Every structure is written in C-alpha cells, then in structure tokens.
There are 2 protein chains.
Amino acid sequence: MKFIIRNRSIILYGTSLAVLLLTMKWLEWRLVVIDHAFELYAGALALMFTALGIWLSRKLTQPKTNTIIVEKEVVVDTKDFILNEAELARLGLTKREMEVLQAMADGLSNQQIGERLFLSLNTIKTHSSKVFEKLEVQRRTQAVEKARKLKIIP
Amino acid sequence: MKFIIRNRSIILYGTSLAVLLLTMKWLEWRLVVIDHAFELYAGALALMFTALGIWLSRKLTQPKTNTIIVEKEVVVDTKDFILNEAELARLGLTKREMEVLQAMADGLSNQQIGERLFLSLNTIKTHSSKVFEKLEVQRRTQAVEKARKLKIIP
DNA sequence: ATCAAAATCATACTAAAGTATGAGGTTAAT
DNA sequence: ATTAACCTCATACTTTAGTATGATTTTGAT
C-alpha cells in the first residue's frame with residue numbers, strides 16, 4: 001500500500017501512457033477512414049504529452065527555492081563588557097589591585113574586602129591607595145567611576 | 001529584438017513543435033515501409049513531448065521564494081537608560097535625596113556635593129543618611145551600586 | 001643567583017564618611 | 001489653620017577611608 005502511495009506519480013504516468021497508447025490505437029483505425037486527420041492527431045498527441053510533461057515536472061521536481069535572507073536586528077542588552085586592555089596596560093594596575101578595585105565597585109568596605117581576599121585591613125588600604133594613585137583619584141567612589149568609564153571593570 | 005528575448009520560450013516551443021511535426025511527417029512515410037513500428041513511433045513521440053513538457057515547465061515556472069528570516073544580533077550600546085520610575089516611587093526618594101545620590105555616583109565627596117548644591121556638609125550628611133536608609137545600605141559605594149542595579153541612576 | 005616588582009602587613013596619623021539627635025523653616029494638602 | 005513631609009543646619013560622636021612610611025616576603029625574569 002505504501003508502495004502505491006510513494007510511487008503514485010510513476011504509476012499514474014504509466015497508466016496515462018497506456019491510456020494514450022490505446023487512444024492512439026483507436027485513432028489509428030480512425031486514420032484509415034479519415035486520412036488527412038493525421039496532423040490533428042499528432043497535434044493532440046503533442047499537446048497531451050506536453051501537458052503530461054508539465055504535470056510530471058511539477059509533481060516530481062521539488063520547487064526551486066530562492067532563499068531570501070532577511071536580517072532582523074535584535075537589540076542585545078549590552079552586558080557585553082569589553083575589557084579595555086589597552087587602558088589596563090597603560091595604567092599598570094596589578095592583579096591584586098584589580099581585585100581590590102572590583103571589590104570596591106561591588107560596594108564592599110575595606111574590612112569586607114580584606115575578608116573576601118583573606119588579607120588584613122591594612123593591606124587593603126595599601127592596595128587601594130595604589131589604585132587611587134594609578135587612577136589619579138582620591139576616593140573609592142571616584143575610582144569606581146573612572147574605572148567604569150575606562151571600561152576596566154563592568 | 002527584445003520581443004524575441006522575452007518570448008524565446010514560446011518561440012522555442014513553437015519551433016520544437018514544427019520540427020517534431022516534420023519529423024512525424026517523415027516518420028509517416030517510414031510507416032508505410034515498416035508498418036508495425038507505429039507503437040515505437042508513438043512511444044518516441046510521447047517521450048519527446050513529455051521531455052518538452054518538463055523542459056517547458058522548468059522554464060516557465062517562477063521559483064518559489066522561501067523567505068528565511070535570520071535574526072542577526074546587533075550590538076547596540078545601551079546608553080538607553082530607562083529610569084525605573086516604579087522603583088523610584090517605591091523607595092520614596094525625594095528630589096534632594098536623588099540629587100545627592102547622583103552626585104555620589106559621580107564620585108564627589110560630601111564636601112563637594114555641598115558646594116555643588118550650595119548646601120552645608122552637615123545637610124549632605126543628613127541627606128545621604130536618608131538615602132542609605134531608604135536603599136537599605138550602609139555606604140555610599142553600596143548606594144551607588146544598588147541605585148544602578150535598580151536603574152534609578154544611569 | 002640576583003634584582004626589581006609585587007604583595008603582605010604594621011604603626012601612626014589625618015580626613016572623610018556615617019550616625020544620632022534636635023531644631024527651625026518651607027511648602028503643599030486637608 | 002493645621003498637619004505632615006521635606007529641607008536645612010548644627011553639635012557631638014563613632015567608624016571607615018585614606019596617607020605616609022617602612023619592613024619583610026614572594027615571585028618572575030634575566
């Protein structure tokens with residue numbers, strides 16, 4: 001059953017051919033009677049098979065597809081923080097200094113930063129002072145502001 | 001000339017038809033000699049016109065267009081700060097408190113904020129304390145952090 | 001191995017930030 | 001006119017931040 005469904009085009013084509021050949025056979029007899037109708041007969045045949053060809057073509061060939069790609073702009077919320085490595089290099093902030101700066105940006109107190117990084121309060125003070133020097137600021141709030149502007153922290 | 005180019009398919013079809021009819025005429029003569037070749041002749045005719053039909057179909061049908069919409073991510077620098085008025089209302093920050101908060105976010109010291117807003121240092125301290133209360137934080141850095149997260153300052 | 005930069009921590013100090021409380025003055029709504 | 005919220009400022013105090021200086025230790029590069 002599935003075979004029939006799958007190959008129905010081929011079967012149909014075969015059947016059509018058979019039917020047409022029979023028709024031709026009948027017309028063959030007609031030709032004896034009305035002799036000069038041959039051109040009409042041939043024309044009809046041509047038309048029929050042309051139609052069959054067209055139909056076949058449509059059935060059997062998958063349609064041509066012109067794929068039109070339309071680019072739709074999707075606004076992506078710029079979490080896209082691109083670290084400004086040039087600035088970072090220029091400023092010469094060390095790893096630890098960056099960590100302290102980041103913690104400051106998170107709103108932590110020096111005490112809390114010390115706890116986070118397992119360092120003493122004094123060490124944090126030293127580091128933050130260095131950060132301020134390098135960023136040429138006086139306060140942690142300014143440091144965070146500037147660091148954000150320079151894209152060295154998110 | 002343009003007419004020829006535009007309708008070349010039709011012209012070709014017509015020409016093919018003419019050629020085939022001539023072929024048939026020739027074959028008609030052949031039929032007299034080899035009589036039972038008629039089935040072969042018909043079969044050939046059928047095949048030819050089927051092929052013609054297929055060719056015609058392919059030429060004449062315009063291709064289907066599959067429009068594929070590709071979502072392309074476009075990075076838009078979200079300067080687009082949308083003030084979260086809901087949060088602002090919920091927190092109940094006053095005008096002055098907002099001004100102080102903004103100045104804090106700009107990295108100013110309380111002294112500088114006082115100068116900017118023509119207020120005394122003590123007034124700024126009062127305001128900032130209120131801001132901290134309302135934002136439920138202890139330090140200015142945390143206040144700025146939270147305010148930014150809540151989208152009440154850029 | 002040596003040298004410089006980085007990292008750690010301390011002490012001592014100053015400056016700024018933050019808290020608590022109270023007291024007038026202004027303004028807008030009832 | 002009264003009330004409540006807001007704004008202003010002050011004093012007194014505590015806490016945190018920031019500066020200056022110096023010492024010791026790690027670490028990476030020559």
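Because only heavy atoms are used, hydrogens play no part in the values below, and waters and symmetry mates are left out as well, while side chains stay in. In what follows, every chain begins at residue 1, and chains take the letters A, B, ... in the order their sequences are listed. Note that the structure is predicted; figures quoted are calculated from it, not measured.
A close approach under 4.0 Å does occur between a side-chain nitrogen or oxygen of H127(B) and OP1 or OP2 of dT8(D). Residue R140(A) has a polar side-chain atom (N or O) positioned under 4.0 Å from OP1 or OP2 of dG18(D).
Separating the CZ atom of F132(A) from the P atom of dT14(C) is a distance of 20 Å, rounded to the nearest angstrom. Atom P of nucleotide dA17(C) and atom CD1 of I124(B) are separated by 11 Å, given to the nearest angstrom. Remark: P of dG18(C) and CD of Q111(A) are 16 Å apart, rounded to the nearest angstrom. Atom NZ of K130(A) is separated from atom P of dT21(D) by 13 Å (rounded to the nearest Å). The distance from atom CD of E136(B) to atom P of dT19(C) is 14 Å, rounded to the nearest whole Å. Taking atom CD on Q112(B) and atom P on dA17(D), their separation rounds to 18 Å, with Å as the unit. Rounded to a whole Å, the CD atom of Q142(B) is 10 Å from the P atom of dT19(C). dA16(C) atom C1' lies 13 Å from atom CG of N110(A), rounded to whole Å.
To the nearest 0.5 angstrom, R140(B) atom CZ is 8.0 Å from R139(A) atom CZ. The CZ atom of R90(A) sits 7.0 Å away from the CG atom of L150(A) when rounded to the nearest 0.5 Å.
Among the nucleotides dA16(C), dT8(D), dT19(C), the one closest to any side-chain atom of R96(B) is dT8(D). Here the nucleotide nearest the side chain of K95(B), chosen from dC7(D), dG18(C), dT19(D), is dC7(D).
Within the nucleic acid shown, N122(B) comes within 4.0 Å of at least one base atom, counting heavy atoms only. Among the heavy atoms of the strands lying under 4.0 Å from T123(B) is at least one base atom, whether or not backbone atoms are also near. Residue contacts for S120(B): at a heavy-atom cut-off of 4.0 Å it reaches the sugar-phosphate backbone alone, with no base atom in range. Note on L119(B): only backbone sugar-phosphate atoms sit closer than 4.0 angstrom, heavy atoms only; bases stay farther off. At the heavy-atom level, S129(B) lies under 4.0 Å from base atoms of the strands shown. Residue E97(A) is out of contact with every strand shown, counting any heavy-atom pair closer than 4.0 Å.
Taking 4.5 Å as the limit, some side-chain heavy atom of L101(B) sits within range of a side-chain heavy atom of M98(B). The shortest distance between side-chain heavy atoms of M104(B) and T141(A) does not fall below 4.5 Å. Between K146(A) and E136(A), some side-chain heavy-atom pair lies under the 4.5 Å cut-off.
Where K125(A) and K134(A) each meet DNA chain C at their nearest nucleotide, the meeting point lying more 5' is that of K134(A). Nearest-nucleotide positions on DNA chain D for L117(B) and M104(A) put L117(B) closer to the 5' end.
Counting distance only, with no hydrogens placed and no angle test, the side-chain atoms of T126(B) and the base atoms of dC9(D) include a donor-acceptor pair under 3.5 Å.
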T123(A) vs T126(A), side chain to side chain donor-acceptor pair (under 3.5 Å): CA-CA, chis, key distance, verdict: CA-CA 5 Å; T123(A) 306; T126(A) 307; 5.8 Å; no

